[in-house]
Peer 1: 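Next up is a structure, given as structure tokens.
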4 protein chains.
Amino acid sequence: MFELDVRSRKPIYEQLVEKLKQLIITNVLKEDEKLPSVRELAQQLTINPNTIQKAYRELESQGYIYSLKGKGSFVHPVKPSENEEELNKVREELRKLFAEAIYLGMTSKEIESLLREVERGQEND
Amino acid sequence: MFELDVRSRKPIYEQLVEKLKQLIITNVLKEDEKLPSVRELAQQLTINPNTIQKAYRELESQGYIYSLKGKGSFVHPVKPSENEEELNKVREELRKLFAEAIYLGMTSKEIESLLREVERGQEND
Amino acid sequence: MFELDVRSRKPIYEQLVEKLKQLIITNVLKEDEKLPSVRELAQQLTINPNTIQKAYRELESQGYIYSLKGKGSFVHPVKPSENEEELNKVREELRKLFAEAIYLGMTSKEIESLLREVERGQEND
Amino acid sequence: MFELDVRSRKPIYEQLVEKLKQLIITNVLKEDEKLPSVRELAQQLTINPNTIQKAYRELESQGYIYSLKGKGSFVHPVKPSENEEELNKVREELRKLFAEAIYLGMTSKEIESLLREVERGQEND
DNA sequence: GTGGTCTAGACCACA
DNA sequence: GTGGTCTAGACCACC
């Protein structure tokens with residue numbers, strides 16, 4: 001399904017959160033689709049189930065998935081209206097990153113072409 | 001000078017690194033300008049000097065400042081050519097953030113206007 | 001495992017970095033092999049754990065090892081392509097040393113035979 | 001005469017020692033030639049005279065120069081026989097550097113061509 | 001148990 | 001006075 005970098009400084013559960021977010025964002029995992037069960041994924045990735053659970057809990061609290069007892073975890077349909085808080089975080093992060101990119105010498109043209117690139121990749125939703 | 005959240009999950013020294021980076025990137029701290037001394041800043045923020053030093057050391061190894069033993073720490077002049085590695089990290093982070101922003105409902109117009117805003121703020125170099 | 005000179009002008013953690021680098025370079029410590037834990041080594045060498053950690057952190061940022069929070073520190077597999085910067089440092093140091101060696105009376109024959117010697121010792125990978 | 005990097009982590013007096021060694025090794029400063037006086041050099045480099053003195057003391061103890069009270073400091077003629085101690089240091093450093101260079105992917109061919117290059121540069125003694 | 005962070009406090013090297 | 005090193009000892013996050 002995807003790869004984790006055990007050598008990274010980033011904790012495994014955080015990597016998991018990010019990867020799963022990516023899959024949801026890029027619509028590989030569709031709305032209300034079931035995620036693999038904790039045990040299943042743990043076995044696949046040869047990782048401690050506790051670590052998987054921690055990732056799922058994090059995703060749930062960030063509003064990306066929802067869990068039904070005894071049934072599993074599912075992709076949360078997007079409700080743009082509810083995500084104002086998340087959006088503000090993203091906006092703030094964008095500001096920081098833009099400043100850094102410019103400082104390191106990137107032009108706004110380059111940044112915008114990167115944006116287009118991502119946009120195109122995301123169209124197949 | 002700025003605020004730190006001692007309760008945050010993010011280590012204090014990392015918060016410091018980020019804040020100081022911001023000040024350098026936004027040209028509040030100019031090239032070769034002296035940063036506050038380790039002890040001075042420690043006292044100001046009521047934080048242990050070792051913690052400050054850890055932050056300064058990190059900034060040094062990332063190429064943002066340089067430290068001289070009997071003299072102090074100073075802002076390192078930018079050498080855009082040398083930062084290809086850093087740039088790749090930034091590009092990767094931009095990709096992720098763009099995807100997330102779009103997923104949360106931001107339009108490319110909004111993102112671009114945010115970019116312009118940052119750009120204008122950075123002009124006073 | 002090895003000896004440190006606590007009286008030396010060279011900081012203990014730098015001595016540690018050098019010694020461990022040697023062990024990695026000469027393949028005594030193989031790829032992905034676990035290094036002794038911070039506490040363990042600290043006890044063995046009767047040195048403060050913080051000092052060991054400082055050394056490990058330095059090795060990590062130089063790309064020689066990687067550390068996993070609940071697991072330990074491990075030898076980083078070599079990626080020759082990524083170390084161009086390190087290589088340039090080594091080349092510069094070689095130039096200086098060659099000049100000094102010749103000045104002190106060594107012939108290029110002697111130097112080359114030293115090189116062969118090291119080469120042979122490194123073959124047992 | 002030469003440049004010092006005030007931004008370097010290396011103490012200024014050590015940089016001075018190295019640079020002066022280079023000048024002696026490459027025969028730019030000939031045997032028994034007078035070095036610039038402490039004051040003179042201090043003024044030229046806009047550096048504290050104490051720092052210069054420390055460098056000169058270091059060079060003297062390493063056998064590269066000798067000082068005559070009231071007259072100044074002079075380049076020490078080479079006596080290969082006396083430098084066995086220095087030579088052993090150099091040999092040891094060469095071993096380490098060779099190992100590192102090979103580890104980072106340099107071939108013995110490259111190393112040898114570097115040696116030739118230095119050799120040629122040193123011929124004009 | 002492992003690495004990582006932080007504090008308090010001491011001492012050294014450099015300029 | 002400045003950065004740099006080191007210790008002793010505490011507590012946290014991760015697995």
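What you see below is based on every heavy atom in this structure, not just the backbone, and it leaves out hydrogens, waters and symmetry mates.
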Peer 1: Expressed in angstrom and rounded to an integer, what is the separation of Glu40(C) atom CD from dT2(E) atom C1'?
Peer 2: 11 Å
Peer 1: Under 30°, 30 to 60°, or over 60°: which ring-plane class applies to Tyr103(D) and Tyr64(C), parallel, tilted or perpendicular?
Peer 2: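 Parallel: the ring planes of Tyr103(D) and Tyr64(C) meet at under 30°.
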Peer 1: When you measure only distances, ignoring hydrogens and angles, does the side chain of Asn50(B) come within 3.5 Å of the base of dG9(E) through a donor and an acceptor?
Peer 2: yes
Peer 1: Just to be sure I understand the rule, does Arg39(C) reach a base, reach only the sugar-phosphate, or reach nothing, if contact means heavy atoms closer than 4.0 Å?
Peer 2: base
Peer 1: Donor-acceptor check, side chain of Glu93(A) to backbone of Val90(A), threshold 3.5 angstrom: yes or no?
Peer 2: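 Looks like no, no N/O pair under 3.5 Å.
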Peer 1: Using whole Å, what does the distance between atom C1' of nucleotide dC14(E) and atom CG of Leu16(D) come to?
Peer 2: 14 Å
Peer 1: What is the separation between atom CD on Gln53(C) and atom C1' on dG3(E), rounded to the nearest whole Å?
Peer 2: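 For the pair Gln53(C) CD and dG3(E) C1', the rounded distance is 6 Å.
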Peer 1: For Arg57(B) and Gly72(B), find the nucleotide of DNA chain F closest to each by heavy atoms; which residue's nucleotide sits nearer the 5' end?
Peer 2: Gly72(B)
Peer 1: Judged by each residue's nearest nucleotide on DNA chain E, which is more toward the 5′ side, Lys34(C) or Thr51(D)?
Peer 2: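 Taking each residue's closest nucleotide, the earlier one in sequence belongs to Lys34(C).
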Peer 1: Is Ser61(D) reaching over with its side chain to a backbone N or O of Glu58(D), donor-acceptor style, under 3.5 angstrom?
Peer 2: yes
Peer 1: Any idea which of dC6(F), dC15(F), dT5(F) is nearest the Ile12(A) side chain?
Peer 2: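 Of all the options, the side chain of Ile12(A) is nearest to dC15(F).
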Peer 1: Would you mind classifying the nucleic acid contact of Ile47(D) as base, sugar-phosphate or nothing, using non-hydrogen atoms under 4.0 angstrom?
Peer 2: nothing
Peer 1: Which label fits Phe98(B) and Phe98(A): parallel for a plane angle under 30°, tilted from 30 to 60°, or perpendicular past 60°?
Peer 2: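 Taking Phe98(A) first and then Phe98(B), their aromatic rings sit tilted (interplane angle of 30° to 60°).
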Peer 1: Between Lys89(D) and Glu92(D), does at least one N-O distance fall below 4.0 Å, as a salt bridge requires?
Peer 2: no
Peer 1: Whole angstrom is fine here: how far is it from CG in Asn48(A) over to C1' in dG1(E)?
Peer 2: 14 Å
Peer 1: What nucleotide, of dC14(E), dC6(F), dC14(F), holds the atom closest to the side chain of Tyr13(C)?
Peer 2: dC6(F)
Peer 1: Measure from the side chain of Pro11(C), starting at C-beta and using heavy atoms only, and say which of dC14(E), dG4(E), dC6(F) lies closest.
Peer 2: dC6(F)
Peer 1: For a quick check of understanding: with a heavy-atom distance under 4.0 Å over all strands, which category does Tyr56(B) fall into, base, sugar-phosphate or nothing?
Peer 2: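 It contacts nothing in the nucleic acid.
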Peer 1: Between P on dC15(F) and CG on Leu68(C), what's the gap in Å once rounded to a whole number?
Peer 2: 9 Å
Peer 1: Counting only Watson-Crick pairs (N1-N3 plus N6-O4 or O6-N4) and G-U wobbles (N1-O2, O6-N3), all under 3.5 Å, who is the partner of dG4(E)?
Peer 2: dC11(F)
Peer 1: In whole Å, what is the span from the NZ atom of Lys10(C) to the C1' atom of dG4(F)?
Peer 2: 16 Å
Peer 1: Look at the side-chain N and O atoms of Arg9(A) and state whether any lies under 4.0 Å from the OP1 or OP2 oxygen of dA13(F).
Peer 2: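 No, no such contact exists.
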Peer 1: Can you tell me the distance, in whole Å, between the CD atom of Glu14(D) and the P atom of dG3(F)?
Peer 2: 19 Å
Peer 1: Please figure out whether Lys54(A) or Thr46(C) has its closest DNA chain F nucleotide nearer the 5' end.
Peer 2: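 Nearest-nucleotide comparison on DNA chain F picks Thr46(C).
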Peer 1: What is the distance, rounded to the nearest whole Å, between atom OH of Tyr66(C) and atom C1' of dG3(E)?
Peer 2: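 Rounded to the whole Å, the gap is 14 Å.
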